[in-house]
Amino acid sequence: MKYTTRQSAILLLSDGTIFHGKSIGISGTTFGEVCFNTGMTGYQEIFTDPSYFGQLMVATNAHIGNYGVNDSEVESESIKISGLVCKNFSFNYSREDASGSLEDYFTKQNLICISDVDTRALVSYIRDNGAMNAVICTDGTSVTDLKTALANVPDMKGLELASKVSTKEPYFYGEENATYKISALDLGIKTNILRNLAKRDCYIKVFPYDSTYQDLASFNPDGYFLSNGPGDPEPLSGAIQVAKEILENNKPLFGICLGHQVIGLANGISTYKMFNGHRGINHPVKNIITGKGEVTSQNHGFAVNKEELEANDDFEITHLHLNDGTVAGMRMKNKNCFSVQYHPEASPGPHDSSYLFDEFIKNLKR
């Protein structure tokens, strides 16, 4: 094994705290909201998840890159995180069906990464002080200049990002002769959501984030889907209006993550920015309807207001996050509509919640 010297790098938080590390070889600076994911596997799916657009990802797993990358294990066509912070970066990989190394994958997509960071201390700091903007610097820019630039980075609260990751033109997914037709509003949709719908005999037309209800209805679908995505849901006035009109026409509606929040806003239920959010593939959720527990994949920094939801006679809470009691799922009593805050399409897993796609199919049959 040859020894190499790597450039020193820093992570500067907006409150002035600095964590030191080493560059993975791509020189430059990158900004975003720093957050952490507790998943032990699935780093490629995390990096390509559109919901992470505009965020610097801290990986709590000690080793990143050890199984390389595989071209089929992506949630979108490109890396969506703004940068990566990790402890040990594996330049070598040992997986037989890997299509390449994570280092080469980052280089091709110009992702800036800092390793050799004390991620345990960093995650502990974020948990105590909340998610905040930060900058990764691997090119030696002065801290003074970085602080000036970081002060101009907008806060995630109030930030509309769906437009940055949504498709520009409608497209189709699945078999054209499938039993069910679904109109999906792309706010940052993950590919595995489309896979799960398609394998349940659905043909999906995916529409840009700013499409109208009339646009979605022109496909003459059996049901509607509101996708996950990045940023604050409140600025998405167009998507909120689409949800209102779907419900006014009493059509089957299923929402995941950002789509779940949009459904709440469409019914006058507010959302709020969480102190840290939930990100990982090991979050415990209780299904209130069945009494069963589920281990779930989650990725969100905003949530639906629980007190307002409980006070709304048209809704009932179906799922609760067991760590902090936040709303993880809800359904309407007077409409064919339900939604969850987490990811039942979870890839690589867990698959405890995949039944929710079956529930959507049952609603279509109704």
Side-chain angles (χ1 to χ4, degrees), residues 37-39 41-42 45-46 48-52 73-76 173-174 180 182-202 204 206 222-230 233 243 252-264 277-304 315-323 326-332 336-365:
N37 187 293
T38 57
T41 60
E45 291 88 343
I46 292 168
T48 56
D49 181 352
S51 295
Y52 282 123
E73 296 174 354
V74 295
E75 293 293 356
S76 66
Y173 193 97
Y180 308 105
I182 306 297
S183 285
L185 188 65
D186 178 12
L187 306 176
I189 198 165
K190 293 171 68 176
T191 301
N192 209 42
I193 289 174
L194 298 174
R195 295 190 193 109
N196 271 274
L197 290 171
K199 76 179 183 181
R200 288 169 172 81
D201 207 16
C202 293
I204 310 104
V206 183
D222 298 292
Y224 295 82
F225 176 76
L226 302 182
S227 84
N228 62 291
L253 177 59
F254 179 27
I256 287 177
C257 201
L258 186 59
H260 161 84
Q261 297 160 12
V262 166
I263 290 172
H278 298 149
R279 298 175 182 91
I281 60 173
N282 48 7
H283 285 250
V285 162
K286 181 177 181 179
N287 185 323
I288 305 301
I289 307 302
T290 65
K292 294 182 178 179
E294 302 170 20
V295 179
T296 67
S297 175
Q298 303 211 1
N299 170 21
H300 62 101
F302 292 81
V304 170
F315 278 87
E316 66 175 328
I317 296 174
T318 57
H319 299 77
L320 286 175
H321 196 293
L322 291 178
N323 285 349
T326 53
V327 175
M330 62 189 186
R331 69 182 180 188
M332 298 190 72
N336 193 342
C337 169
F338 75 104
S339 61
V340 289
Q341 182 61 80
Y342 53 98
H343 288 271
E345 83 291 343
S347 176
H351 301 134
D352 296 20
S353 306
S354 60
Y355 68 89
L356 290 165
F357 289 101
D358 299 322
E359 292 294 325
F360 184 42
I361 302 303
K362 289 178 183 178
N363 286 353
L364 299 181
K365 292 178 179 178

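Since the structure is predicted, the reported quantities are computational estimates derived from the model, not experimental observations. If you read the sequence from its start, that first residue is 1, and numbering goes on from there.
Considering every non-hydrogen atom in both P230 and L187, the closest pair reads CD-O, 3.4 Å. Among all heavy-atom pairs drawn from P350 and S297, the shortest one is CD-N, 4.2 Å. Heavy-atom minimum distance, V304 versus Q341: N-OE1, 4.4 Å. Closest approach of V262 and L226 over heavy atoms only: CG1-CD1, 4.1 Å. Across all non-hydrogen atoms, the minimal contact from S51 to G229 is OG-N, 3.3 Å. Between C257 and H343, the shortest heavy-atom contact is SG-NE2, 3.7 Å.
Note that the CD atom of E73 and the CG atom of N192 stand 10.5 Å from one another [nearest 0.5 Å]. Once rounded to the nearest 0.5 Å, the distance linking CG of N37 with CD1 of I46 reads 3.5 Å. With rounding to the nearest 0.5 Å, the separation of SG in C337 from CZ in F315 is 6.0 Å. Taking CD of Q298 as the reference point, atom OG1 of T38 lies at 9.5 Å (rounded to 0.5 Å). Considering NZ of K286 and NE2 of H321, their distance stands at 15.0 Å, rounded to 0.5 Å.
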message: Between N323 and H278, is the side chain to side chain contact (heavy atoms under 4.5 Å, CB included) condition met? List the steps.
response: CA-CA 10 Å; N323 285 349; H278 298 149; 5.6 Å; no
message: Working note: F360 + L197, criterion side chain to side chain contact (heavy atoms under 4.5 Å, CB included); need CA distance, chi angles, decisive distance, verdict.
response: CA-CA 9 Å; F360 184 42; L197 290 171; 3.9 Å; yes
query: Do Y342 and H283 pass the side chain to side chain contact (heavy atoms under 4.5 Å, CB included) test, and can you show the C-alpha distance, the side-chain angles, and the key distance before you say yes or no?
result: CA-CA 9 Å; Y342 53 98; H283 285 250; over 6 Å; no
message: Go through it in stages, so that I can follow the logic: the residues are I193 and N196, the test is side chain to side chain contact (heavy atoms under 4.5 Å, CB included), and I'd like the CA-CA distance, side-chain angles, deciding distance and then a yes or no.
response: CA-CA 5 Å; I193 289 174; N196 271 274; 5.9 Å; no
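Partners of F357 under the ring pair (Phe, Tyr, Trp, His ring centres under 6.0 Å) rule, at least two apart in sequence or in another chain, are F254. Residues meeting the salt bridge (Lys or Arg N to Asp or Glu O under 4.0 Å) test with K365, sequence neighbours left out: none. D358 pairs by the salt bridge (Lys or Arg N to Asp or Glu O under 4.0 Å) definition with R200, not counting sequence neighbours. Applying the salt bridge (Lys or Arg N to Asp or Glu O under 4.0 Å) test to E345 and every residue at least two apart in sequence or in another chain returns K190. Remark: S339 pairs with H260 by the side chain to side chain donor-acceptor pair (under 3.5 Å) rule, at least two apart or across chains. Scored by the side-chain contact (heavy atoms from CB on, under 4.5 Å) test, I317 finds K306, L309, E310, L320, V327 as partners (sequence neighbours excluded).
For the residue pair T296 / E294, no side-chain donor-acceptor distance below 3.5 Å is found, with atom types taken as modelled. A donor atom on one side chain and an acceptor atom on the other are not found under 3.5 Å apart for Y52 and E75.
A distance-only check finds a donor-acceptor pair linking the side chain of N336 to the backbone of N363 [under 3.5 Å]. Not one N or O on the side chain of T318 forms a donor-acceptor pair closer than 3.5 Å with the backbone of R331. Of the possible donor and acceptor atoms, one in the side chain of S76 sits under 3.5 Å from a partner among the backbone N and O of T48. Side-chain atoms of N282 never come within 3.5 Å of backbone atoms of V295 as a donor-acceptor pair (strictly under, hydrogens ignored).
Using a 4.5 Å heavy-atom cutoff, the side chains of I189 and Y173 are not in contact. Using a 4.5 Å heavy-atom cutoff, the side chains of S353 and V340 are not in contact. When side chains are defined from C-beta on, I361 counts as touching C202, because their heavy atoms get closer than 4.5 Å. Contact annotation: the side chain of F338 never approaches that of I263 to less than 4.5 Å [non-hydrogen atoms, C-beta and beyond].
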